[in-house]
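No experiment lies behind these values; they were computed from the predicted model shown. Computed from heavy atoms alone, side chains included, the values below leave out hydrogens, waters and symmetry copies.
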Amino acid sequence: MNVHERPRGTAHVSEAREPRATTGDSLESASGARQRTLQRMLDHRPAVQSLLQRQRDVDQGSRARTSTARAGGVVQRFTEDGGYRISANRAFALPAENETQRFFATPALIERSNRILESMGSRVRLHAGDDAPEALAGMKAVTPRAVVPEQALFDVNECIDVADRVTGANQSHALYQGPEDDAPTSRRQSTYALGELNAIAEQLADNADVTPQSIITAQDELTEEDEEASTLRFSFRDVAVDTNNKQHASTALAQVIPIPRLRIALLREIFGDTYRKQPIVQQRLANLLGPFLDAHLADGERDVDEWQELLEAHFATGQRQARTEATERYLQHDTEQLSTRSRRVGVNAHARPEVGESYAIVGTRERTADERLWSFHFAAVIARDGEDSLTLENYNREKGSEGNEEWYFDMQGPEAQSFHAKHQATVAGALTLRMGAPATEDLRAQTLDRLPEGASEEFAARIQRATTRAGLAAILADATGTADSDTTSEQ
């Protein structure tokens with residue numbers, strides 16, 4: 001994550017450092033692996049000293065406990081009262097101060113969160129201490145501790161690394177879920193794959209009937225090889241190519257691409273290597289070939305490597321432009337329609353990670369050289385009360401290990417109080433995802449084995465239906481009941 005920094009204690013001021021512009025090959029070019037490594041180095045450089053101030057609601061009315069009607073029922077917002085943010089059902093509360101290291105919760109919530117975190121392999125546990133202030137009657141002060149007493153709570157401060165520690169590194173997949181409590185659908189997701197992330201923005205902008213599966217299909221078309229497709233399948237001008245034989249393809253293209261070494265670079269190094277059996281991508285790139293030929297046909301002979309470099313640079317430029325255009329359609333779309341579509345798939349303000357999962361706000365296009373924006377931000381969920389969630393997070397403090405102690409809690413609610421609403425102005429073409437891990441057959445079997453003796457058959461049935469690892473952990477938490485006293489009490 002880079003590049004926001006904020007003077008501490010300033011309510012609405014954010015001052016950002018200029019990010020390093022990413023140039024050269026795109027993440028989807030033939031040298032994509034090299035570029036992804038470079039991008040990760042750039043995005044993890046110690047350039048961040050602070051996150052943006054938590055954005056407060058615009059008027060005092062939104063601070064009071066109110067109800068908002070929307071599809072799926074009435075949503076109760078968390079309250080800001082007496083210097084505290086209090087969850088809708090009064091299960092937990094935070095001081096209204098920014099980047100607070102204090103929070104309060106009911107013993108039942110602490111116990112359940114700990115059960116889930118334990119099942120997720122989290123390195124964090126929540127310890128109940130003294131009674132909360134009178135305004136938060138029934139709650140206890142909570143301190144997060146490392147599972148291993150000799151270890152510091154965190155040995156990192158980068159947001160994604162902190163979230164890994166809290167979730168047990170179980171944030172490998174984007175989880176999509178509709179408003180009717182549908183079972184979440186998952187897909188492995190990299191926060192660096194701009195082409196894949198942009199495909200989500202395209203679906204939200206262009207597909208009135210967007211579904212979790214349509215998003216996954218759109219992404220897969222850009223990344224997965226179609227085993228039934230020919231190695232080369234695309235059309236350029238009046239020539240249709242559909243073959244596994246590069247020489248046949250080259251012969252067919254000779255009339256429209258008269259330079260042999262250029263054809264070799266295109267067919268062997270790009271279409272036949274990086275985008276082998278990916279007809280959707282091959283066709284997108286073929287659509288960019290006309291301007292390239294117009295610019296370079298008179299250049300004379302070049303070797304294959306030179307042609308490859310020119311093609312990659314041209315395709316990278318074209319892909320960046322396409323991503324920018326798709327992002328603009330997404331950001332400029334009718335607000336109500338976009339919210340409806342986001343709700344259908346559980347993204348943006350409708351992303352709802354469970355305990356042991358994370359919010360992730362990511363970019364759908366490249367940042368320009370003059371934009372002062374993050375690459376992404378992650379926040380791990382450690383408690384949930386209805387629509388309200390509690391996150392434990394940090395960010396690169398540009399202090400080395402000294403920043404590890406500056407973790408903090410935050411509260412997320414529905415709609416205007418959502419994680420997406422707080423951070424959407426800080427990422428290029430911001431998209432908020434629910435990040436977690438899918439339930440596997442091995443995990444189901446392990447969870448079944450851990451059910452306490454005499455547990456209701458209902459728990460076994462729920463385990464078979466669960467589609468996420470956090471879902472399995474929550475079922476086990478419900479089945480095992482009261483947490484051990486030594487995991488929730490001060491010693």
Side-chain angles (χ1 to χ4, degrees), residues 54 57 62-68 70 72-96 100 102-120 122 124-129 131-133 135-144 166-167 175 177 179 181 184 346 349-359 379-393 408-422 432 434 436 468 470-471 473-478 481-483 488:
R54 183 181 62 84
D57 289 331
S62 64
R63 296 174 186 271
R65 177 174 289 190
T66 60
S67 295
T68 302
R70 67 168 193 175
V74 175
V75 175
Q76 187 74 44
R77 296 179 183 273
F78 66 71
T79 305
E80 290 198 17
D81 182 33
Y84 297 100
R85 290 170 279 167
I86 307 172
S87 65
N89 299 309
R90 300 188 68 83
F92 62 79
L94 292 180
T100 180
R102 298 187 296 148
F103 97 91
F104 308 90
T106 63
L109 181 137
I110 297 168
E111 292 170 0
R112 189 167 191 273
S113 287
N114 276 331
R115 290 296 188 188
I116 295 173
L117 293 173
E118 179 183 9
S119 293
M120 296 296 291
S122 173
V124 175
R125 294 292 186 275
L126 307 179
H127 291 252
D131 289 343
L136 307 176
M139 299 186 197
K140 296 282 188 178
V142 183
T143 302
V166 176
T167 66
L175 304 175
Q177 185 172 21
D181 291 328
H350 307 285
R352 191 183 184 280
E354 297 294 339
V355 177
E357 298 174 343
S358 298
Y359 292 97
V381 176
I382 59 170
R384 180 167 280 285
D385 175 17
E387 289 286 323
D388 299 327
S389 61
L390 183 74
T391 52
L392 174 55
E393 51 192 290
Y408 60 96
F409 301 113
D410 200 2
M411 185 186 291
Q412 327 295 334
E415 306 293 349
Q417 295 175 328
S418 68
F419 180 88
H420 184 72
K422 294 177 185 179
T432 295
R434 170 186 173 185
T468 66
I475 294 167
L476 189 60
D478 292 341
T482 305
T488 58

**Request:** Show the numbers, then the answer: is there a side-chain contact (heavy atoms from CB on, under 4.5 Å) between Arg85 and Thr79?
**Result:** CA-CA 5 Å; Arg85 290 170 279 167; Thr79 305; over 6 Å; no

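- A donor-acceptor pair under 3.5 Å is formed between the side chain of Thr100 and the backbone N or O of Arg102.
- The closest donor-acceptor contact from the side chain of Glu357 to the backbone of Glu354 lies under 3.5 Å.
- Between Arg90 and Asp388 there is no salt bridge, since none of the side-chain N atoms of the basic residue sits less than 4.0 Å from a carboxylate O of the acidic one.
- The nearest pair of heavy atoms linking Ala105 to Val142 is N-CG2, 3.9 Å.
- Side chains of Arg434 and Thr468 form a contact here, defined as non-hydrogen atoms less than 4.5 Å apart.
- Ile116 approaches Ala477 most closely through the heavy-atom pair CG1-CB, 3.7 Å.
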**Message:** Would Ser389 and Tyr359 count as a side chain to side chain donor-acceptor pair (under 3.5 Å) here? Give the steps.
**Reply:** CA-CA 10 Å; Ser389 61; Tyr359 292 97; 2.7 Å; yes

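- Annotation: side chain of Arg384 is in contact with side chain of Arg352 (closest heavy-atom distance under 4.5 Å).
- Taking all atoms of both residues into account, the shortest heavy-atom contact from Val381 to Pro353 is CG2-CG, 3.7 Å.
- For the pair Ala473 and Ser119, the tightest heavy-atom approach, listed with the atom from each and the gap, is CB-CB, 3.5 Å.
- Taken from CG in Leu392 to OG in Ser113, the straight-line distance is 11.5 Å, to the nearest 0.5 Å.
- Ring planes of Phe104 and Tyr84: perpendicular class, angle over 60° (limits at 30 and 60°).
- For Arg115 and Asp478, the salt-bridge test fails: no basic side-chain N is under 4.0 Å from an acidic carboxylate O.
- In this structure, Glu118 has no side chain to side chain donor-acceptor pair (under 3.5 Å) partners at least two apart in sequence or on a different chain.
- Expressed to the nearest 0.5 Å, how far CG of Leu126 lies from CD1 of Ile382 amounts to 5.0 Å.
- Scanning both residues, Met411 and Ala93, for their nearest heavy atoms gives CE-CA, 4.2 Å.
- Between the Asn114 side chain and the Arg125 main chain, no donor and acceptor come within less than 3.5 Å of each other.
- Here the straight-line distance linking atom CZ of Phe103 with atom CG of Leu390 works out to 5.0 Å at 0.5 Å rounding.
- Side-chain contact between Phe409 and Pro144: present, with at least one pair of heavy atoms (C-beta onward) separated by less than 4.5 Å.
- Two residues are said to be in side-chain contact when any heavy atoms from C-beta on lie closer than 4.5 Å; Lys422 and Gln412 meet this criterion.
- Note: Met120 CE to Thr167 OG1 = 6.0 Å, rounded to the nearest 0.5 Å.
- Ser122 meets the side chain to side chain donor-acceptor pair (under 3.5 Å) test with no other residue; sequence neighbours excluded.
- Taking every heavy atom of both residues into account, Ala383 and Leu109 meet most closely at CB-CD2, 3.6 Å.
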